[in-house]
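Have a look at the structure below before the remarks.
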Amino acid sequence: MAILLGRSRTTDDIDIIVEVSSGSEIASRLAGCGFKPLTLSGSIEEEFRIASIRFHKPPKFLPNFEVKPPRTVYQRYALENRVEVRIRGETFYISPIELQIAYKLWLGSEKDLVDAAYLNYFAKARGFLNEQLLEVRARAMGISLESLRRRGGGI
């Protein structure tokens, strides 16, 4: 999400959480859009059930994205509280920014902490950050928002 909101950085992939019944179903839908799985076709169901399926658009392998079903309470929350985004006439959905900030803090890598501070600053400056909800999400994940304060995320 940080990249969507203008933060410049490299990324490994994009994670997409979907509510579908099988890996074959999502592979079939994405094949219709020109995407191919990086997973062997014989293991798509197992990969989808256990981990995720990574897709790319040939002939390139990068960028790519991984698709998985919701497995955690946070992934389910993200689906149930998704936020609609429209860019150039296309519509897609992202998780609530408060959940993204808390999740990035929970991950804890330097890159994720910078992302969290960026998202916090961006949403706060534009008036769409619900600080009470961010506190609730952070408490639920067992994390402190102190690192945002130290990084200039200014809660």
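Nearest heavy-atom pair across Pro70 and Arg76 is CG-NH2, 3.2 Å. Nearest heavy-atom pair, Gln100 versus Ser95, reported as atom, atom and distance to 0.1 Å: NE2-OG, 2.9 Å. Closest approach of Lys104 and Ala116 over heavy atoms only: CB-CB, 3.7 Å. Between Leu145 and Ala138, the shortest heavy-atom distance links the atoms CD2-CB, 3.7 Å. Heavy-atom minimum distance, Arg137 versus Ala102: CB-CB, 3.9 Å. Minimum interatomic distance between Pro69 and Gln75 (heavy atoms only, all atoms of both residues): O-OE1, 3.8 Å.
Remark: Ile17 CD1 to Ser52 OG distance equals 9.0 Å, nearest 0.5 Å. For the atom pair CG (Leu79) and CZ (Arg82), the distance works out to 7.5 Å, reported to the nearest 0.5 Å. Here the straight-line distance linking atom CG of Leu99 with atom CG of Leu119 works out to 11.0 Å at 0.5 Å rounding. Here the straight-line distance linking atom CG of Asp15 with atom CZ of Arg54 works out to 7.5 Å at 0.5 Å rounding. Distance check, rounded to the nearest 0.5 Å: CG of Asp112 to CH2 of Trp106 gives 10.0 Å. A distance of 12.0 Å separates CD1 in Ile94 from CD1 in Ile14, rounded to the nearest 0.5 Å.
No side-chain heavy atom of Glu66 sits under 4.5 Å from any side-chain heavy atom of Phe55. Taking the side chain as every heavy atom from C-beta outward, Ile97 and Leu134 never approach each other to under 4.5 Å. Counting heavy atoms from C-beta on, the side chains of Leu129 and Phe122 never come closer than 4.5 Å. Residues Val85 and Tyr93 are not in side-chain contact: their nearest non-hydrogen atoms beyond the backbone lie 4.5 Å or more apart. The shortest distance between side-chain heavy atoms of Leu148 and Tyr121 does not fall below 4.5 Å.
Asn64 contributes a side-chain N or O that, together with a main-chain N or O of Phe61, makes up a donor-acceptor pair within less than 3.5 Å. Under a 3.5 Å cut-off, the side chain of Lys36 and the backbone N or O of Ala27 do not form any donor-acceptor pair. Of the possible polar contacts, one joining the Glu98 side chain to the Asn130 backbone as a donor-acceptor pair under 3.5 Å is found. Within the 3.5 Å criterion, the main-chain N or O of Arg49 finds a donor-acceptor partner in the side chain of Arg71.
Criterion: ILVMFWY side-chain heavy atoms under 4.5 Å apart, direct or through other members. Under it, Ile53 and Leu38 are not part of a common hydrophobic cluster. Linking Ile, Leu, Val, Met, Phe, Trp and Tyr residues whenever their side-chain heavy atoms come within less than 4.5 Å leaves Ile50 and Ile26 in two separate clusters. Grouping the Ile, Leu, Val, Met, Phe, Trp and Tyr side chains by contacts below 4.5 angstrom, directly or via other members, places Leu105 with Val73. Both Ile101 and Leu113 are part of a single hydrophobic cluster, where members link through side-chain heavy atoms under 4.5 Å apart.
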Could you please spell out the steps behind the side chain to side chain contact (heavy atoms under 4.5 Å, CB included) verdict for Val18 and Phe48? CA-CA 11 Å; Val18 295; Phe48 188 68; 4.3 Å; yes
Begin with the C-alpha distance, continue with both residues' side-chain angles, and end with the deciding distance and a verdict on salt bridge (Lys or Arg N to Asp or Glu O under 4.0 Å) for Arg29 and Glu25.
CA-CA 6 Å; Arg29 287 184 187 183; Glu25 178 184 349; 2.8 Å; yes
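Under the 30°/60° scheme for interplanar angles, the aromatic rings of Phe65 and Phe35 are found to stand perpendicular.
If you check the side chains of Glu47 and Thr39, you find no donor sitting under 3.5 Å from an acceptor.
For Glu84, the CD atom sits in a packed shell: over 12 heavy atoms of surrounding residues, nucleotides or ligands are nearer than 6.0 Å.
Within the structure, ring pair (Phe, Tyr, Trp, His ring centres under 6.0 Å) contacts touching residues 67-89 (residues at least two apart or in different chains) do not occur.
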